[in-house]
Amino acid sequence: MKIVHFLHGFRPEFLGGVERYVESLASTQKAILGDDVHVVVGSGKVADKPGLQDVTIDDLHVVRILRSDLFLDQWFDAYSPAVESLIEALLSRLKPDIVHVHHWKRLTSNLVQIAARNGIPATLTLHDLWSTCPREYRLLGNESCGRPLGAESCARCARLHFFQTVEEVGAQSDLFRDMVLREIDAARSVLVPSQHHADALAKHLGIAGERLEVLPLGRLGDEYPVVRTDEAARFPNGPLRVGYWGHLVDFKGPHLLLEALAHVRSLDRYEVHVFGTETAGTYRARLDRLSEGKPVRFHGAFRPADVAAAQLDIAVIPSICHESYSFVLEEALSFGLPVIVSDRGALAERASAAGLVFRAPDARHLADSLQSVVDDPLVLDRLRAAIPHGDRGAASHARALAAIYGRTLADRPTSRPTDTEHRALATQLAADRDRRIRLLIDLREKAERADHYEGNLLRHRELLKDRERELAAHRRALEDVRADLDNHRMVLAAREEECSSLKRVVATIETDLEGHRAVLRDRERECRDRRDVQGNMEREVEALRKIVDVRVSELEAHRATLNEVTRDLEGHRTVLADRERRLAEALTVIRTLEADLQGHRDSLAHRDRDIRARDEEITRLRVEILAQGERLAELRETLARVQRTLAYRIARVITGGGHRNEGMTPRRPEGSDRR
């Protein structure tokens with residue numbers, strides 16, 4: 001038999017319970033039953049254009065369908081004409097005997113009807129509540145929602161995007177419900193994994209319970225490790241070893257288990273093991289805070305053998321959301337572990353006498369269930385004894401499903417379903433949504449540009465104010481410089497007067513010095529003459545001995561005069577050296593003053609040039625601000641026109657939406673196509 005399975009994702013991109021189940025089922029059908037099996041899956045990746053991607057994963061042929069739209073994960077965009085065409089071509093190529101639809105998400109919402117139009121019988125398994133709720137889990141906070149799917153219940157409850165209105169969401173809710181019901185109607189057999197899930201679907205969708213056939217999913221594989229506990233350390237000799245495993249997300253409720261530990265007695269009698277990883281957000285930080293000071297161990301990513309190796313005494317499944325089957329519960333029973341489960345979904349039905357049930361999301365009630373086991377160890381023995389035994393392996397499940405396939409193939413429909421009207425309406429709603437998105441994005445871009453220009457204008461105004469303040473500061477600095485320059489000029493005039501006085505003193509000193517030099521030369525000539533006279537007198541001594549005594553006194557007098565003249569000459573030399581030093585200092589001061597004067601003149605010229613340049617910049621900025629002000633006025637006028645156009649179009653869309661609610665086919669005003 002050639003089988004094609006449809007589901008919303010596959011590993012390595014997605015790895016949840018349904019994905020693991022379909023992989024186990026397809027592998028079993030191929031390996032044990034000899035079927036030709038193909039798996040067609042959705043993807044979270046957005047491609048440039050819709051297309052198919054063929055891959056092989058562990059000997060399974062997997063076809064990934066890539067969508068190009070932005071809302072492939074959203075319930076209101078469940079129908080995709082592009083994916084419909086791809087699946088038509090794929091079914092024509094594969095030519096399967098039967099298709100098995102497990103999920104529509106990320107594919108298109110009319111998979112069963114596509115197969116029916118091509119004469120291929122389809123089996124449908126409703127694994128969860130996605131087909132009954134725009135919020136997917138039917139949770140309002142921590143409480144379950146029991147209202148029926150449709151505009152009256154869902155229009156104001158579903159999450160609104162910025163481009164959606166309440167009326168549009170209401171119309172899409174009705175359309176979504178109708179397409180789901182058409183899928184169920186077109187399927188040859190509709191399967192559910194538990195009776196509780198069947199009752200919930202029948203209630204929420206308003207269909208007969210007999211239309212749904214219960215087929216438990218069994219284990220993911222045929223071999224599970226057995227939990228072996230050291231008898232000397234097992235409860236009650238040691239602490240009660242409590243286990244949780246699965247995704248660490250709030251709607252699975254692991255926080256309830258950690259909160260319950262705050263309400264039990266004798267905390268040292270417990271040991272909690274948490275297996276799993278967080279998929280997104282900061283939920284793990286919340287769990288870390290709740291586990292502080294408590295006997296809790298986080299193990300991270302895991303395999304079934306890791307859970308078995310922890311030697312647990314009991315498993316806790318504290319889900320807040322509706323559980324249609326729970327593979328974790330199936331694994332716990334396969335490990336030989338009794339369970340404590342919440343009252344949400346099929347958990348209590350499937351746990352039966354092998355488990356205790358608490359009211360979710362009441363952590364105190366969960367604590368009471370844990371405390372009852374610790375207070376009376378015989379409770380754990382009774383729960384273990386009630387664990388059902390039987391063949392729930394993957395092979396047994398695949399054989400049961402093969403019998404359903406055979407019955408489906410034998411049941412030939414009398415007519416093929418048509419969903420043209422619903423597809424057209426879904427296409428029209430998507431087109432209207434895309435037009436509004438484009439208009440809103442265009443308006444948002446224009447508003448952002450106007451804000452940008454206005455921001456630039458404000459920044460330029462602030463810059464102009466800063467420049468004006470800076471100019472005022474420069475003007476004040478210029479006035480200070482001018483005052484300093486006037487002071488320097490007065491100081492320079494005084495220094496120049498002092499320099500002139502010094503020059504006159506130097507001239508006088510030079511004149512006196514020249515006079516002293518002349519006197520010195522005369523005295524030197526006189527000294528030479530007197531020395532000559534003395535020499536002559538000495539040569540005449542012998543001849544003039546008689547007049548020596550007379551001339552000796554004269555000679556002594558001349559010697560005294562010569563010494564006095566020599567002293568005068570030394571004094572004149574000292575005065576001359578001092579006056580030469582003072583002249584050099586005066587010349588140095590004059591050069592310094594001249595250099596300072598030239599520097600002040602250069603600084604004054606540079607600042608005058610800066611002032612002229614800043615005046616020119618201020619003039620240019622004022623011209624630019626005026627131009628941008630004119631541009632801002634034009635943009636505001638354009639924005640007003642766009643707003644009027646948008647208001648007009650929104651009025652048309654709202655008017656058109658009212659027609660659709662009445663007759664499912666909107667009327668358009670005359671001439672609307674031309675717009």
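Heavy-atom basis, side chains included; hydrogens, waters and symmetry copies ignored.
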> Please, which pairs that meet salt bridge (Lys or Arg N to Asp or Glu O under 4.0 Å) have at least one residue in residues 364-373, sequence neighbours excluded?
Replying inline: none
>> Donor-acceptor check, side chain of S153 to backbone of P148, threshold 3.5 angstrom: yes or no?
In response: yes
> Hey, what do you get for OG (S266) to CG (L240), rounding to the nearest 0.5 Å?
Replying inline: 12.5 Å
>> Taking the ring centre of each residue, are W130 and F176 less than 6.0 Å apart?
In response: yes
> Is there a donor-acceptor contact under 3.5 Å from the side chain of R11 to the main chain of E19?
Replying inline: no
> Rounded to the nearest 0.5 Å, what separation is found between the NZ atom of K294 and the CD atom of E259?
Replying inline: 9.0 Å
> If you measure from CD on Q195 to CZ on R350, what distance do you get to the nearest 0.5 Å?
Replying inline: 13.5 Å
>> Less than 6.0 angstrom separating the ring centers of H322 and H197, yes or no?
In response: yes
> Judged by atom type as modelled, is there a donor-acceptor pair below 3.5 Å linking the side chain of D343 to the main-chain atoms of R359?
Replying inline: no
> Who pairs with S326 by side-chain hydrogen bond (donor to acceptor under 3.5 Å, both in side chains), at least two apart in sequence or on another chain?
Replying inline: none
> Hey, what do you get for CZ (R384) to CG (L337), rounding to the nearest 0.5 Å?
Replying inline: 8.0 Å
> Can the ring centres of H299 and H273 be said to be less than 6.0 Å apart?
Replying inline: yes
